[in-house]
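Naming: A, B, ... by sequence-line order, numbering from 1 per chain.
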Amino acid sequence: MGRFRLFDLNEPQRSAVTTIRGPLLILAGAGTGKTRVITARVAYLMAEGVKPENILAVTFTNKAATEMRERLAGMVEPDQAKKVTMSTFHALCVRILRAGIERLGYKNNFTIYDESDQLGLIRKIITRTAAQDEKLDPHQAKNLISKAKNNGWSAPADEKTLLSAVFARYQADLKTLNAVDFDDLLLLTVKLLSEHAEVREKWQLRFKYLMVDEFQDTNRLQLELVTLLADSNKNVAVVGDDDQSIYGWRGAEVANLLEFESHFPNPAVVKLEQNYRSTNAILGTANSLIKNNPRRRPKALWSAMEGGEKVRLIQAANDREEAQFVAEEIQRRSFAEGLPWEGFAVLYRMNAQSRLIEENLRRLQIPYRLVGGKSFFDSREIKDVLAYFSVLVNPDDDSNLLRIINTPARGISAGTIERATEWSARNKCSVWTALQSDGFLRELPARTVGKIAEFVELVDGYETKLNEPLADHHAVADKLLKEVGYAEDLKRTCKAADEVLKREENVRQLLQDLANFQGRSVKGLQGFLDEVMLDKSREEEEDIDKKKGVLLITLHAAKGLEFPHVFLIGLEEGVLPHDRSKVEGTLDEERRLLYVGITRAMRTLTLTYCRDRMKYGSVAPCHPSSFIKELAEEWIERKNLTEMMNAPVQEDAAKNGFARMRAMLARPT
DNA sequence: AATCGTCTGCTTTTT
DNA sequence: GCAGACGATT
């Protein structure tokens with residue numbers, strides 16, 4: 001049984017691990033060893049004779065799935081561990097759909113649309129559908145359609161409003177394009193499993209033991225999916241923490257956790273309440289805050305780590321001073337205690353707040369890592385290359401086809417493209433089909449027909465090359481880009497030389513990723529695209545983990561992480577809780593957001609707020625967050641920033657790094 | 001087809 | 001204060 005030992009677990013953990021029949025609800029507070037329990041439970045199932053291929057563990061992020069997989073590999077035979085399915089909801093759905101989506105009238109080479117693909121299509125539909133005086137914000141439309149789908153509606157109730165017309169059109173277009181968006185992955189899987197008993201039974205037979213992580217974040221469709229996958233035995237173990245539900249705005253239903261009993265009657269319930277992460281000062285602060293929330297599963301987190309430093313609550317004159325303090329304090333502490341930069345994190349409500357912190361860290365030459373923001377995959381060249389790949393797999397997807405049909409320019413004009421799109425709409429087919437239809441080509445001048453034929457031949461030719469046995473996808477892709485002259489096109493369309501270099505490097509990186517993928521998977525170009533679409537942060541996040549430096553991160557993105565020293569900034573009314581939460585009635589969720597932030601801290605926690613803050617380009621006075629008065633005074637130490645900044649460095653704290661610190665502080669800024 | 005200027009409207013974003 | 005979108009202009 002490898003290195004898996006039950007006696008390493010505390011009593012409730014052990015009970016969670018060894019309860020293997022029937023529904024099980026594990027209420028796992030922050031820092032209570034949740035991942036450990038899940039992986040130990042999988043190992044225990046295997047030790048009890050459950051076949052690894054009959055175990056399914058579902059998570060929300062690829063990162064979590066990977067971590068779990070790695071941990072399990074250290075507990076049981078690695079080749080047995082590989083047979084366990086550990087996957088995100090969406091990746092699982094892709095797998096189920098690739099095997100059976102034909103029953104729903106799609107082809108199994110469907111393309112996965114990300115949010116920008118979605119938005120692009122919706123924009124096009126709105127301009128096509130809206131009357132002169134009608135206006136509909138594409139972003140809003142996208143969000144509303146997404147919300148509707150997550151409620152289980154695959155089509156609008158009527159087509160009376162512009163929105164419902166756009167919704168209907170959007171769903172119909174996706175089907176024609178043989179494309180599915182992220183919501184469809186769930187929606188169509190639920191549809192497939194509920195409407196086709198033989199498919200459902202096949203998967204129920206396959207997965208006899210289900211585990212779901214972060215259950216408080218599941219939405220309606222995800223719960224339905226779990227219900228459909230669980231057979232009559234209902235061996236469903238869910239792990240979650242209602243106090244860490246911070247994705248309600250994305251459709252997550254805490255009710256799935258709070259009312260677990262109504263979906264899976266008579267579950268065993270286990271509470272994990274011993275926290276191994278934080279000091280009692282930090283936990284006491286967190287507990288005092290969260291108890292103000294109604295509708296909770298009552299629980300009391302405790303820690304064996306006595307006391308610890310008090311939580312510091314610091315008022316700054318303005319956001320500039322706040323940022324300056326945070327940066328200097330990180331420097332001071334790091335030098336005084338000889339701590340690496342990775343031990344520090346700065347948490348904030350919104351990304352815009354990172355700017356001043358960045359500036360100040362740079363000024364002090366402190367390395368930092370910024371999570372979030374612009375992605376590698378948002379860049380034009382990556383989208384272009386992925387569009388080429390996508391067209392080779394599914395040429396019926398107009399969006400990707402149109403993206404590359406004349407990129408680089410190959411003599412197919414905007415007018416021709418326009419006519420092809422119209423013709424395809426009239427004849428209810430894809431643009432790709434139109435390009436090969438005599439009826440359409442007849443309308444065009446011979447020269448254009450020739451150009452189109454060349455393009456069709458290009459796509460067909462490379463599709464064939466890719467499908468040859470033992471095809472080296474990286475080499476084929478490289479050859480394709482050379483043949484179309486993509487690099488030259490980059491040089492032509494970019495002004496700055498370093499921009500060209502950057503973009504070329506990105507393309508090179510993507511092709512390298514493809515080569516790596518082929519080295520570890522047999523799923524081909526389609527598999528590569530699936531992975532890219534469902535796990536875009538992959539390379540980036542690995543970078544983040546490898547790099548050193550202070551972590552700058554939003555409260556949302558920080559969930560699941562922990563740091564020895566945490567700075568939580570901007571505790572002001574309007575920022576945290578955010579202004580909008582009051583009109584939207586989501587103050588509880590804002591409170592949980594702060595709770596999540598507080599519970600990230602292991603040893604010290606510093607909360608800051610300002611009297612004035614730059615907002616929308618001008619200075620506005622602000623008030624301390626209403627959450628501050630909920631924090632138990634016994635764990636809090638209020639400090640005056642001005643006094644602190646001027647205070648002499650205390651001797652004992654400074655011993656280790658005093659000289660270095662002096663040198664640093666003396667450095668010109 | 002590309003670029004410039006003006007307008008707008010400001011969270012969070014696991015997939 | 002700034003980014004993103006859109007329309008007018010060359």
Nearest-Å distance, CD (A/Glu214) to C1' (B/dT15)? 14 Å
Classify A/Gln216 by what it touches in the nucleic acid, base, sugar-phosphate, or nothing, heavy-atom distance under 4.0 Å. nothing
Sugar-phosphate, base or nothing in reach of A/Asp217, heavy atoms under 4.0 Å: base
Lys/Arg-Asp/Glu bridge criterion (N-O < 4.0 Å) met for A/Asp588, A/Arg295: yes
The correct set of residues in residues 242-254 of chain A placing a heavy atom under 4.0 Å from DNA chain B is A/Tyr247, A/Trp249, A/Arg250
Earlier contact from the 5' end, DNA chain B, for A/Leu555 and A/Ser413: A/Ser413
Among the nucleotides C/dG1, B/dT12, B/dT15, which one has an atom lying closest to any side-chain atom of A/Tyr616? C/dG1
Under 3.5 Å donor-acceptor pairs involving side-chain atoms of residues 221-228 of chain A, not counting sequence neighbours:
| from | atom 1 | to | atom 2 | distance (Å) |
| --- | --- | --- | --- | --- |
| A/Gln222 | OE1 | A/Asn219 | N | 2.8 |
| A/Thr227 | OG1 | A/Leu223 | O | 2.7 |

Phosphate OP1/OP2 of B/dT13 contacted by A/Thr554 side-chain N/O (<4.0 Å): yes
Take atom NZ of A/Lys559 and atom P of B/dT15, then tell me their distance rounded to the nearest Å. 12 Å
Please determine whether a side-chain nitrogen or oxygen atom of A/Asn406 lies at a distance below 4.0 Å from atom OP1 or OP2 of B/dA1. no
Contacts of A/Arg297 meeting side chain to side chain donor-acceptor pair (under 3.5 Å) (sequence neighbours excluded), chain-then-number -> A/Glu261
Is the ring pair A/Phe207/A/Trp203 parallel, tilted or perpendicular, if the boundaries are 30 and 60 degrees? parallel
Please check if atom NZ in A/Lys191 has more than 12 non-hydrogen atoms from other residues, nucleotides or ligands closer than 6.0 Å. no
May I ask you to say what A/Glu115 touches in the nucleic acid, namely base, sugar-phosphate or nothing, with a heavy-atom cut-off under 4.0 Å? base
Is A/Asn62 close enough to B/dT15 that one of its side-chain N or O atoms is under 4.0 Å from OP1 or OP2 there? yes
Whole angstrom value for the distance that separates C1' of C/dC2 from CD of A/Gln353: 16 Å
Base versus backbone protein contacts along nucleotides 5-10 of chain C [heavy-atom cut-off under 4.0 Å; B, S, -]: SS----
To the nearest angstrom, how far is A/Ile412 atom CD1 from B/dA1 atom P? 14 Å
Can you tell me which nucleotide in C/dC2, B/dT15, B/dT11 comes closest to the side chain of A/Arg355? C/dC2
In whole angstrom, what separates A/Leu594's CG from B/dT12's P? 17 Å
Please tell me which of A/Met350 and A/Leu534 maps to the more 5' nucleotide of DNA chain B, matching each residue to the nucleotide holding its nearest heavy atom. A/Met350
List the atom pairs, donor and acceptor, that lie under 3.5 Å between side-chain atoms in residues 576-587 of chain A and the rest of the protein, sequence neighbours left out.
| from | atom 1 | to | atom 2 | distance (Å) |
| --- | --- | --- | --- | --- |
| A/His578 | ND1 | A/Arg580 | N | 3.1 |
| A/Ser581 | OG | A/His578 | O | 2.6 |
| A/Lys582 | NZ | A/Glu573 | OE2 | 3.0 |

Counting only pairs under 3.5 Å, give me each side-chain donor-acceptor contact of residues 523-530 of chain A, with atom names and distances, residues two or more places apart or in other chains.
| from | atom 1 | to | atom 2 | distance (Å) |
| --- | --- | --- | --- | --- |
| A/Asp530 | OD1 | A/Arg98 | NH2 | 2.6 |
| A/Asp530 | OD2 | A/Arg98 | NE | 3.1 |
| A/Asp530 | OD2 | A/Arg98 | NH2 | 3.4 |

Roughly how far apart, to the nearest Å, are C/dA5 and B/dT12 at atom C1'? 22 Å
Which pairs would a plain distance check flag for residues 86-97 of chain A, meaning a side-chain donor or acceptor within less than 3.5 Å of a matching protein atom at least two apart in sequence or in another chain?
| from | atom 1 | to | atom 2 | distance (Å) |
| --- | --- | --- | --- | --- |
| A/Ser87 | OG | A/Leu92 | N | 3.2 |
| A/Thr88 | OG1 | A/Ala91 | N | 3.0 |

Looking at the side chain of A/Met614, which of C/dG1, B/dT14, B/dT12 is the nearest nucleotide? C/dG1
Spacing of A/Leu221 atom CG relative to B/dT15 atom C1', expressed in whole Å: 13 Å
By nearest atom, which of the nucleotides B/dT14, B/dT13, B/dT11 is closest to the A/Asn351 side chain? B/dT13
Examine B/dT12: is either OP1 or OP2 under 4.0 Å from a nitrogen or oxygen in the side chain of A/His556? Give yes or no. no
Report which part of the nucleic acid A/Glu584 touches: base, sugar-phosphate, or nothing (heavy-atom distance under 4.0 Å, all strands). base
Across all chains, not counting sequence neighbours, the side chain to side chain donor-acceptor pair (under 3.5 Å) partners of A/Glu381 are A/Ser379, A/Arg503, A/Asn506
Rounded to whole Å, please give me the gap between CG in A/Asp319 and P in C/dG1. 12 Å
Whole angstroms only, please: what is the CG-C1' distance between A/Leu225 and B/dT15? 13 Å
Measure the shortest side-chain to side-chain distance between A/Thr111 and A/Val393 over non-hydrogen atoms and say whether it is less than 4.5 angstrom. no
Since syn is defined as within 90° of 0, does B/dT12 count as syn or as anti? anti
Residues in side chain to side chain donor-acceptor pair (under 3.5 Å) with A/Asn293, at least two apart? A/Arg591
